[in-house]
Number of protein chains: 2
Amino acid sequence: MSTDSGGAQQTRSRSAILDVVRAAGTISRVELTRATGLTGATVSTVVRRLIDEGLIVEVGRAESTGGKPRTLLRLEPLARFAVGVHLDIAGITYVIANLGGGVVTRWRTAGTGGDAAEEIVSRVAREVDDMMHRVDVERDRVLGVGVVGPGPLSHPAAAWTTTPEPARLAGFALVDALESALGMPVLLDNDATAAAVGEYWSGGIESTASFGALYMAAGVGAGVLVDGSVYRGSSSNAGEIGHVCVDLTGPECWCGSRGCVEAVAGPAAVVAAARARGVDLGPAGRPATEDFGTLARAALRGDAVASSLLTFSARYLAVAAQTLATVMDLDHIVLTGPAFAVAGSLYLPVIEDHLQRTFFARGSHALRVRLSSSAHEAAAIGAAALVLQSELVPRPSAVRMPAEHTVAVASSVPVER
Amino acid sequence: MSTDSGGAQQTRSRSAILDVVRAAGTISRVELTRATGLTGATVSTVVRRLIDEGLIVEVGRAESTGGKPRTLLRLEPLARFAVGVHLDIAGITYVIANLGGGVVTRWRTAGTGGDAAEEIVSRVAREVDDMMHRVDVERDRVLGVGVVGPGPLSHPAAAWTTTPEPARLAGFALVDALESALGMPVLLDNDATAAAVGEYWSGGIESTASFGALYMAAGVGAGVLVDGSVYRGSSSNAGEIGHVCVDLTGPECWCGSRGCVEAVAGPAAVVAAARARGVDLGPAGRPATEDFGTLARAALRGDAVASSLLTFSARYLAVAAQTLATVMDLDHIVLTGPAFAVAGSLYLPVIEDHLQRTFFARGSHALRVRLSSSAHEAAAIGAAALVLQSELVPRPSAVRMPAEHTVAVASSVPVER
């Protein structure tokens with residue numbers, strides 16, 4: 001075996017063992033061997049190293065059937081930490097999570113509204129630093145910082161190529177700037193993808209599920225996990241269900257297309273329609289998610305105009321759910337994100353009813369739909385979890401690439417870069 | 001290592017080696033070790049066994065830099081075969097392929113039109129038997145028969161739960177019946193999924209691509225391959241882009257939904273619209289794909305009504321391509337299937353233009369679109385390739401399932417079974 005693949009193999013074994021121990025709570029070496037398919041020798045070696053590093057501890061013995069009692073192992077959750085940062089125009093949500101996925105602390109500060117990119121960077125660095133100090137998390141125990149938000153990601157993910165808010169972070173080299181300011185590794189990802197990971201990480205999703213998180217904040221998106229791994233597509237921009245066309249002659253969208261679910265029926269569109277119809281949402285100029293909350297509360301009190309606007313929106317979110325479930329063949333959908341946190345009970349029955357009649361594979365298997373119980377924080381939790389996963393979860397072994405396939409492209413779509 | 005995971009590991013090593021040898025053409029044991037990441041000892045053992053079974057042969061020596069010349073290995077393509085059967089109302093397309101992916105023979109017989117399921121089974125068995133005899137392919141060298149067609153698959157895939165043609169094959173235990181009649185293993189899959197595999201197998205797709213085959217016969221579908229593996233979702237029913245809603249108040253679809261791309265703008269819908277507008281398509285009662293061909297030829301000759309009908313259809317196929325590419329984050333789309341074989345040149349520019357303006361990740365990476373050069377046969381080739389892949393392609397190692405995640409489902413969509 002070459003040195004390279006030996007090293008890669010060792011990293012995989014380490015991640016696999018950490019992940020099994022985390023999920024099991026406590027587990028013996030023998031059970032670890034069985035669960036990972038690794039040899040007993042490999043498990044022994046890797047576990048000894050993880051104990052030396054403080055990531056795993058021995059916690060007593062279990063009864064054994066026949067043989068000598070087996071020593072139990074568990075993760076030391078306080079050995080490492082990760083920071084999650086969810087950037088949104090309405091607010092920045094922060095989470096510090098430990099290696100076991102437990103949330104050590106979470107907090108929220110005012111939105112990024114009209115701030116310049118450099119101001120956002122220095123502010124995030126300061127707010128993360130302050131909190132680490134306050135909750136006594138040492139810098140050398142932090143694996144990294146996950147930052148998530150809306151918009152298409154560059155590939156590899158170092159910046160957003162465009163964003164809903166013109167000029168704010170579009171094209172800005174956010175990863176480089178934050179790594180310099182924080183002195184820690186930074187990963188960038190999509191908020192809906194992070195929300196899916198956050199929902200999975202918080203429990204309640206079967207690990208075998210083809211699971212989609214339908215995410216609604218000011219915009220609409222989705223993240224999909226298959227067998228616990230994020231479906232990423234070719235550039236981590238998969239799942240953008242808010243930007244599929246439901247009306248060829250519909251309104252223009254910030255993404256450059258028209259008739260997108262988000263532009264037709266997302267919270268910002270609903271709020272604009274409500275103001276146009278004279279619904280009193282208080283002073284103008286607040287983030288769309290706040291106005292949307294006001295509108296949802298009016299609908300829940302029985303206001304007819306608010307109800308009809310939200311029902312209109314729900315019908316299109318139901319189409320988005322149908323498209324996501326039918327294209328990706330999901331068996332589980334969670335409605336999450338701040339907009340579903342306030343209006344989920346209005347959307348859920350409409351979405352369920354629509355899926356019951358339209359999900360393509362409904363004759364083959366069930367499709368469960370439910371509201372998240374952590375819809376406000378799932379994206380920030382997922383941002384931290386993505387950092388932890390890079391330490392914990394075994395990456396799929398490299399797929400071999402046939403050497404002889406040639407690329408014969410008859411025509412290509414030119415793109416801006 | 002337990003016996004079970006040892007066995008699984010051996011199967012994976014065997015598949016990995018076969019796949020690398022197939023893709024490389026000729027390759028030495030040293031290069032195999034490097035390409036697979038397996039140990040030299042494992043490669044030696046597995047290669048020796050494959051030579052004994054006749055699947056691999058030694059074919060001379062390569063110059064070596066310094067050391068002794070290395071023996072080269074190649075696949076023996078005639079060691080094993082697979083049969084592909086594409087069932088369609090307009091015709092049954094058959095392919096016999098060898099282990100190297102080469103097509104030994106292909107033929108086509110009349111469509112399955114109004115035939116009862118039992119008649120289709122006995123006819124397919126007879127036609128496959130006859131041809132194996134004629135081209136001198138022995139039964140014990142045939143790995144199995146892949147059968148593909150439209151409609152949602154049961155899980156595991158043993159039947160279609162519903163089909164576009166009422167009562168013909170819906171709910172019929174096709175795999176059992178065909179295995180009895182043929183005396184060979186049978187796998188069932190979706191025609192669009194098979195078409196994607198056929199396109200990939202025939203070359204022209206980069207193995208690293210996130211690749212979608214947009215498939216159009218009488219209906220509309222898609223198959224997606226990521227790094228050369230089919231994206232299956234929870235029940236192999238992924239990619240059903242013909243059944244996403246583009247018009248909430250649109251026409252009813254055979255799938256039970258309404259406003260589906262297929263019902264609004266698929267070939268059958270276009271042909272119905274043409275007949276309603278008095279376009280002369282010859283006698284009624286022919287399969288929709290044949291009428292669609294007549295209409296496409298009229299459009300290519302400059303007929304204004306035919307052109308406007310196909311442009312209308314192309315705009316919705318473009319939306320389907322946008323949805324597929326945006327949700328799955330593709331970097332490569334091939335237009336394939338019999339309807340694109342006759343009308344692809346009319347659809348391609350409309351689809352390209354639309355994607356150039358609307359594909360969500362267009363600022364992050366290119367999205368190539370091209371017409372298939374084997375649009376008629378891709379599904380049948382893919383049906384055979386799916387059988388070969390089960391022998392050749394290493395399955396991804398099992399993903400570990402966290403033991404502690406519980407399932408808390410707030411509500412579920414009841415489904416017919």
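Chain letters run A, B, ... following the sequence lines, proteins first, then strands; residues in each count from 1. All values derive from a computational prediction rather than experimental measurement. Values below: all heavy atoms of this structure, side chains included; hydrogens, waters and symmetry mates excluded.
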Item to complete: Please look at B:Thr162 and chain A and tell me whether the side chain, the backbone, both or neither of the residue comes under 4.5 angstrom of a heavy atom of that chain.
Response: neither
Worksheet, complete the sentence: Of A:Val244, A:Thr161, A:Asn237, the largest count of non-hydrogen pairs under 4.5 angstrom with chain B goes to A:Asn237
Discussion item. Just so I understand: if I count every heavy-atom pair under 4.5 Å between each of A:Asp331, A:Asp353, A:Val334 and chain B, which residue has the most?
Written reply: A:Asp331
Worksheet item: Between A:Ala325, A:Ala41, A:Gly256, A:Ala318, which has the largest tally of heavy atom pairs under 4.5 Å with chain B?
Response: A:Gly256
Item to complete: Keeping the roles fixed (side chain from B:Ser234, backbone from A:Asp329), state whether a donor-acceptor pair exists under 3.5 Å.
Response: yes
Practice prompt. If the plane angle is over 60° it's perpendicular, under 30° parallel, otherwise tilted; pick one for B:Tyr231 and A:Tyr231.
Written response: perpendicular
Practice prompt. Side chain from CB out, backbone as N, CA, C, O: work out which of these in B:Ser257 comes under 4.5 Å of a heavy atom of chain A, or both, or neither.
Written response: both
Discussion item. Please classify the contact of A:Thr42 with chain B as side chain, backbone, both or neither, using a heavy-atom distance under 4.5 Å.
Written reply: neither
Discussion item. Using heavy-atom distances under 4.5 Å, tell me whether B:Leu153 contacts chain A through its side chain, its backbone, both, or neither.
Written reply: backbone
Practice prompt. Under 4.5 Å heavy-atom distance to chain B, tell me which part of A:Thr358 shows up: side chain, backbone, both or neither.
Written response: both
Item to complete: Tell me, for B:Val319 versus chain A, whether the close heavy atoms (under 4.5 Å) come from the side chain, the backbone, both or neither.
Response: side chain
Fill in: Residues A:Val327, B:Ile241; criterion side chain to side chain contact (heavy atoms under 4.5 Å, CB included); working and verdict
CA-CA 6 Å; A:Val327 172; B:Ile241 201 71; 3.7 Å; yes
Fill in: By salt bridge (charged side-chain N to carboxylate O under 4.0 Å, His left out) - contacts of B:Arg74 (at least two apart)
B:Glu76
Discussion item. Can you give me the closest heavy-atom contact between A:Pro152 and B:Phe360, atom names plus distance?
Written reply: CD-CZ, 3.5 Å
Worksheet item: How about A:Ser235 and B:His365: does a side-chain donor come under 3.5 Å of a side-chain acceptor?
Response: yes
Worksheet entry | Heavy-atom contact with chain A under 4.5 Å, split by part of B:Glu240 | both
Worksheet item: Of the backbone (N, CA, C, O) and the side chain (C-beta and beyond), which part of B:Ser373 lies under 4.5 Å from a heavy atom of chain A, both, or neither?
Response: neither
Worksheet item: Picking from B:Cys253, B:Ala209, B:Gly239, B:Gly259, which has the most non-hydrogen pairs under 4.5 angstrom with chain A?
Response: B:Gly239
Fill in: Heavy-atom check, side chain of A:His354 versus side chain of B:Leu248, under 4.5 Å
yes
Item to complete: Compare every heavy atom of B:Met328 with every heavy atom of A:Met328, then report the nearest pair and how far apart it is.
Response: SD-SD, 3.2 Å
Discussion item. So, taking the atom named CD in A:Gln322 and the one named SG in B:Cys260, what distance separates them when rounded to the nearest 0.5 Å?
Written reply: 6.5 Å
